[in-house]
Amino acid sequence: MADTRVHTDDVEINEDVTFDTLPISEQTLESLKNGGFTRPSPIQLKALPISLVGLDLLVQAKAGTGKTLVFSITAIEIVQNSENDIDVTTKVLILAPTREIAQQITYVIKTIKQSSCFVHTFIGGTSIKDDQQHLKKCHIVVGTPGRIEELLRTNILLPDSIRLLVMDEADALLSKEFQDQINSIFSYMPVNKQVLLASATYSEYIVRFSERYMRDMTYVRLVDEKCPALIGIKQYSIQIQKHPIESHLFEQKVLLILRILNRLKFRQCLIFSNLRMRSAAVCSRLKVLGYDTTYTSSSLPQQKRTKVMKDMYKHKCQILVTTDLTSRGIDLDEVDFVISMDLPPESETYLHRIGRAGRYGAHGCSLTIVSSGEEYEQLCTIKTQYNLDICELDENDGLEPLVQTLESIAVAQ
Ligand SMILES: Nc1ncnc2c1ncn2[C@@H]1O[C@H](COP(=O)(O)OP(=O)(O)OP(=O)(O)O)[C@@H](O)[C@H]1O
């Protein structure tokens, strides 16, 4: 279906090119067209000619600008070019830091793959026996580090035929949290393989560190130092009075959110909190007041996590209260408002959080609620670090700009 929405310059290209001008097979071009993809985004135009010839690549571009298609098209083309193989063996391994992102990548690949190409998600909280069955016929394996490492260690996933290893949200996968699992996974990989890293953010340390894993890495980094946040997102913050009792401060933030939601019109909204208990509590409060709200976190059973995301993708639910589990990678095209109830522990997560609104160059709005003192200063540091334009609002009588921004977004879409 053709996308008639207006997109910002973050995803517009000046060149008069379509995917046809790239070295992509006829079948994949047809599938892209059927999926509504005709013109490549800037990162796709720059990265695909390099990834499709098999070079190791580090891809960096703002959130929601189409990095997933870069490695998905590359993966499908690799499978396509080896179609003469009699056995269906795994050709591509794609790693993601969360189960939700892994499931989403599989969904994207399914929308543009041929029927002869097999892809499946391998994540914790699901049956290993089922994995064993799926791996008998799976060209593209998408999974989270824990489960993939286990499948390699137990010889259920055979790595010898893997030709491409993708790390989506690579800076998260290369962080300390996953280091042991990633090192182990690399130790199983064949020497001759292509490696592709994708993320909106990389610290210079991670870039240097990643060179360990790659041969003569090529960099495609579309980063605008002057404006690393999406052009289409209008950012706001509200400072409230600090209070020595944490629960009191939390209650003040909740009351403010209730007041704000009552005044605003939005299509879908994500509310982030660093703590699961707080996300769950906010969800309950909103539900009681009649808001169409759901909640997810890594402590929920997998089936429930999958259902929550499905409800959001299908627009069955308007508000998702969540932790940073969904601050990266998640592509909910109706989200036009993101609220942060606190600042994330890592400053780059701020960019990922606000990037959930305004997918593929759409317009959106973010609001960060901070307490005076340390938390406010932390926001100032992030603002300076990324050269961000965050407009400060007064909690009592300053909500009008926020109301107007969301109204103008609704009119424009
Ligand atoms: N060439 C294109 N034409 C139209 N829409 C596109 C194109 N490429 C990607 N999209 C759409 O843009 C949205 C965002 O894409 P994607 O999730 O790949 O972004 P990303 O760069 O990986 O974001 P993040 O950094 O948040 O993970 C998706 O809904 C996708 O369908």
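When a ligand or atom number is given, it counts from 1 through the structure's own listing order. As a basis for the values below, the full set of heavy atoms in this structure was taken, side chains included, without hydrogen atoms, waters or symmetry mates. Quick caveat: nothing in here was measured; it's all calculated off a predicted structure.
- Distances below 4.0 Å separate heavy atoms of Phe37 from the following atoms of ligand 1: 2 (C), 3 (N), 4 (C), 5 (N), 6 (C), 7 (C), 10 (N), 31 (O).
- Counting heavy atoms of neighbouring residues, nucleotides and ligands inside a 6.0 Å radius, atom CZ of Phe118 exceeds 12 of them.
- Pairs engaging residues 187-198 under the side chain to side chain donor-acceptor pair (under 3.5 Å) rule: none recorded [sequence neighbours left out].
- Interface atoms of ligand 1 facing Arg356, defined by a heavy-atom separation under 4.0 Å, are 26 (O).
- With hydrogens and angles disregarded, no donor-acceptor distance shorter than 3.5 Å links the side chain of Arg212 to the backbone of Arg208.
- Per-residue contacts place Phe19 under 4.0 angstrom from the following atoms of ligand 1 (heavy atoms of the residue considered): 1 (N).
- Put simply, part of Gly64 is less than 4.0 Å from ligand 1, judged by heavy atoms.
- The distance criterion of under 3.5 Å between nitrogen or oxygen atoms is not met by Ala63 with respect to ligand 1.
- Those atoms of ligand 1 with a heavy atom of Glu169 less than 4.0 angstrom away are 27 (O).
- Interface atoms of ligand 1 facing Thr68, defined by a heavy-atom separation under 4.0 Å, are 16 (P), 17 (O), 18 (O), 22 (O).
- Note: Phe19 and Phe37 fail the aromatic proximity criterion, with ring centroids not under 6.0 Å apart.
- For Arg278 and Phe250, the positive end sits near the middle of the six-membered ring, less than 6.0 Å away and at most 45° from its axis.
- Assignment of His352 to the shell around ligand 1 is not supported, since no heavy atom sits closer than 4.0 Å.
- Ligand 1 does not have Arg328 within reach: every non-hydrogen atom of the residue lies 4.0 Å or more from it.
- Counting heavy atoms of neighbouring residues, nucleotides and ligands inside a 6.0 Å radius, atom CG of Asp292 exceeds 12 of them.
- Taking the centre and axis of the six-membered ring of Tyr291, the NZ or CZ atom of Lys287 falls outside the cone set by 45° and 6.0 Å.
- In this structure a side-chain-to-backbone donor-acceptor pair under 3.5 Å is missing from Ser184 to Asp180.
- The aromatic ring centres of His352 and Tyr350 sit 6.0 Å or more apart.
- Heavy-atom contacts of Leu69 reach the following atoms of ligand 1: 8 (N) (cutoff under 4.0 Å).
- Residue contacts with ligand 1 for Arg359 involve side-chain atoms from C-beta outward but no N, CA, C or O (heavy atoms, distance under 4.0 Å).
- For Glu15, the salt bridge (Lys or Arg N to Asp or Glu O under 4.0 Å) test picks out no residue, with sequence neighbours left out.
- In terms of N/O distances under 3.5 Å, ligand 1 is not approached by Gln104.
- If you check each of Asp331, Leu332, Thr38 against atom 14 (C) of ligand 1, the one with the closest non-hydrogen atom is Asp331.
- The contact set between ligand 1 and Arg39, taken as ligand atoms under 4.0 Å from a residue heavy atom, comprises 1 (N), 2 (C), 3 (N).
- Proximity of Gly329 to ligand 1 is established by a heavy-atom distance of less than 4.0 Å.
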